[in-house]
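Scroll down for the structure; my scribbles are underneath it.
Computed over heavy atoms, backbone and side chain alike; hydrogens, waters and symmetry mates excluded. Here the structure is a predicted model, which is why all the values come from computation and not from measurement. Counting convention: from 1, in listed order, for ligands and their atoms alike.
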Amino acid sequence: MNLKSKDILGLKDMSADEIMLILDTAKTMKYILTSNNKKTPHLQGKSIITLFYENSTRTRLSFELASKYMSAAAANISASGSSVSKGETLIDTGKTIDMMGADVIILRHPMSGAPHLLARNVNASVINAGDGMNEHPTQALLDMFTIIEKKGSLKDLKIAIVGDILHSRVARSNIWGMTKLGAEVNVAGPSTLLPVGMEKTGVRVFNTVQEALIDADVVMGLRIQLERQKKGLFPTIREYSRFFGLDEKRLRLAREDAIIMHPGPVNRGVELTSSVADGDQSLINEQVMNGVAVRMALLYLLTRRNSSENIN
Ligand code: CP
């Protein structure tokens, strides 16, 4: 089986079979990643470009390392250090990268839909590394991979996603993906940070963190995205933390074997206490490592779309 599209733009339009293909391939990549020799020839002769209009540590570095581990030529462009700062449009920048022979362009952009626009205008495959408030599909794929590693499957798991749901592209991609794979998703946050009509996506919506946490198998905290808030949507960070922060007492409402996740970067003491972030149930570090494996799988699958070869 191959991926249907030349691009990875979001999980909303991706089938459960395609998601499973990516996660199964990531299993092989994780095996390679944790072996003594991480170097593989799978992307020899390919060029991978990361084009980031917003800051990143995890996503950008994991794509860069994934490319290098698989022997691709990898380069990075940041908006601030490129001709974007001279007024060049996204399409012109994309076409310039395309003409230099890029096979995959990985784009992070503050505008929802920017990767879709780029994908229509270049021959290279485009991977959405986070577009505004819309989607962050590769984060959700690594989150689902991490859950399946620990729990075996997403089917019938109860997952609580807590925090700034309104501005969270991570929450949106996870909701599309997790519900397709059979999980029951609860979301909780201040009512000003919950999108209207959220129930239509198949999730249960709560205004208290306690209700969302009851018997949860997985608890995911989200960062408050102050950079995307035009006006104050809650009184103070302290108030937010008091009512929605995840601490050890609140987590006792979840199942005893619940796992704790966060896409990072974590604001310690706001969405999670340090004892929760660093506790035995936390998988935050595993998420980071799995991010490399999942991105290796995506680069492999996109560059092999027209080949019958399969790594599994
Ligand atoms: N989770 C995530 O996207 O992290 P970065 O912003 O560091 O890439």
Inset, instruction - Taking atom CD of E256 as the centre, report whether more than 12 heavy atoms of other residues, nucleotides or ligands fall under 6.0 Å from it. - result: no

Legend entry - Atoms of ligand 1, numbered as shown, that sit under 4.0 Å from any heavy atom of Q139: 1 (N), 2 (C)

Legend entry - Donor + acceptor pair across side chains of E135, S173 (<3.5 Å): yes

Legend entry - Element-labelled atoms of ligand 1 that are located less than 4.0 Å from some non-hydrogen atom of T57: 5 (P), 7 (O), 8 (O)

Legend entry - pair L299-L43: side-chain heavy atoms closer than 4.5 Å: yes

Inset, instruction - Run the contact test for G264 against ligand 1 with a 4.0 Å cut-off on heavy atoms, strictly below, and give the result. - result: yes

Legend entry - Proximity flag E54 to ligand 1, non-hydrogen atoms under 4.0 Å: no

Inset, instruction - For ligand 1, find out whether one of its N or O atoms is nearer than 3.5 Å to an N or O atom of P265. - result: no

Legend entry - Option passing side-chain contact (heavy atoms from CB on, under 4.5 Å) with F145 (candidates M29, E286, Q287, K27): K27

Inset, instruction - Could you tell me whether R108 approaches ligand 1 through its side chain, its backbone, both or neither, with non-hydrogen atoms closer than 4.0 Å? - result: side chain

Inset, instruction - Locate the shortest heavy-atom distance separating S56 from T59; write the atom from each residue and the value. - result: OG-N, 3.4 Å

Inset, instruction - Using distance alone, with no hydrogens and no angle criterion, decide if Q44 and S71 have a side-chain donor and acceptor under 3.5 Å apart. - result: no

Inset, instruction - Return yes or no for this condition: an N or O of R58 is under 3.5 Å from an N or O of ligand 1. - result: yes

